[in-house]
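Reviewing the structure listed below.
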Amino acid sequence: MAVTCKVCPNQCHISDNHFGICGVRGALDNKLHLPYHGILSATSVDPIEKKPLYHFHPGAGIYSVGFFGCSLSCPFCQNYRISKEFPRKPEGRKTRPESVAEAALKSGSFGIAYTYSEPIVHYEWVLECAKEAHARGLKNVLVTNGYINDEPAKELLAWMDAVNIDLKSFNESFYHDELGGSLRPVLDFIRLAADSVHTELTTLIIPGKNDSTAEINKAADFIAGIDKNIPWHLSAYYPAYKYSIRPTGHEEILKLVDTAGEKLNFVFAGNIGGRSDTYCPSCGSLLIKRSGYSTIVSGIAGGRCTGCGSDAADFNIIIDGAT
Ligand code: SF4
């Protein structure tokens, strides 16, 4: 008899002593088996900009935890050693959620980020840890491919404060043929997240795969239809895992940033060292200056733009000390 996992749209039917597509959720004695529960691949304090989140406590450090496994099979995965090619026998100590929350508190971070590989496939552990974090006054940040079913999504988002969701393309066949998934549930999750928590999006731009002006325009229209203040990070791809396609050129990224910037207030270039500052959509004043991971909030005082007095919260910019 197979066990059905309902966390993500793959809805794997898992036979005894086997794993689902993510490689970490299995079946044993006809029950769901989670041998990777609490097995972390990494912990580190990172700049929040590394997630990337540009408008959620800019300049702050966040205690980050990583896992193993992933529900999608991106052939260009930049973290494939922990998402796909990890030991199929869990190794290492199981970490309790309360230990991570305590460590985050001690580190002086304002919160915990669930990141590096796909946190959703460790849904139960992330939920437990998020509750421990809130109990200590810490924020929770989910960095995810957004591939999750509606019910667990709602339960998880209830404990999150911010998310960065990968929008890997705006093309259903790309999701199906290259990633082994589907675009529609990701779009549903983006809508749901943007309705309840601070949301930013990331797209890794891959030459010839997801970089047409038409596709970027369609995606920008979708995002603007939700909220034109959602930050969108268009990042340069580098060859990794199964892809040997050339890296994305700087000029190509900048052109797409300009294209999307005609519809959205905040479009940033990623991985190219530039076009990463935040300007006030009302008066054009520089609000947040970024250089690498150094961030200076120079144009916001008392939560308002120093140029025109606009409330930063009206643009979904959450600075330290604000909620
Ligand atoms: S979380 Fe893993 S086991 Fe569950 S449905 Fe998704 S891929 Fe399958």
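Note that this is a predicted model, so its numbers are computed, not measured. When a ligand or atom number is given, it counts from 1 through the structure's own listing order. Positions are given from 1, in the same order as the sequence printed here.
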> ring-ring contact (aromatic ring centres under 6.0 Å, His included): which pairs involve residues 276-314, sequence neighbours left out?
Replying inline: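 Non-adjacent pairs meeting ring-ring contact (aromatic ring centres under 6.0 Å, His included): zero.
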> Among pairs that include at least one residue of residues 174-220, which meet ring-ring contact (aromatic ring centres under 6.0 Å, His included), considering only residues two or more places apart or in two chains?
Replying inline: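 The answer is Phe56-His198.
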>> Does the plane of the ring in Tyr243 sit parallel, tilted or perpendicular to the ring in Phe76? Use 30° and 60° as the thresholds.
In response: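 Taking Phe76 first and then Tyr243, their aromatic rings sit tilted (interplane angle of 30° to 60°).
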>> For Tyr114 and Trp125, take the angle between the two ring planes, folded into 0 to 90°, and tell me which bin it lands in: parallel under 30, tilted 30 to 60, perpendicular over 60.
In response: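 The arrangement is perpendicular - the two ring planes meet at more than 60°.
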>> Just to verify, what does Ser276 make a side-chain hydrogen bond (donor to acceptor under 3.5 Å, both in side chains) with, not counting sequence neighbours?
In response: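 Counting only residues at least two positions away or on another chain, Ser276 forms no side-chain hydrogen bond (donor to acceptor under 3.5 Å, both in side chains).
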> Between Arg290 and Phe268, is NZ or CZ placed under 6.0 angstrom from the six-membered ring centre and within 45° of the ring axis?
Replying inline: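 Judged by the rule, Arg290 and Phe268 form a cation-pi pair.
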> Are there any protein N/O/S atoms under 2.8 Å from atom 6 (Fe) of ligand 1, and if so, which?
Replying inline: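 Result, waters dropped: Cys8 SG.
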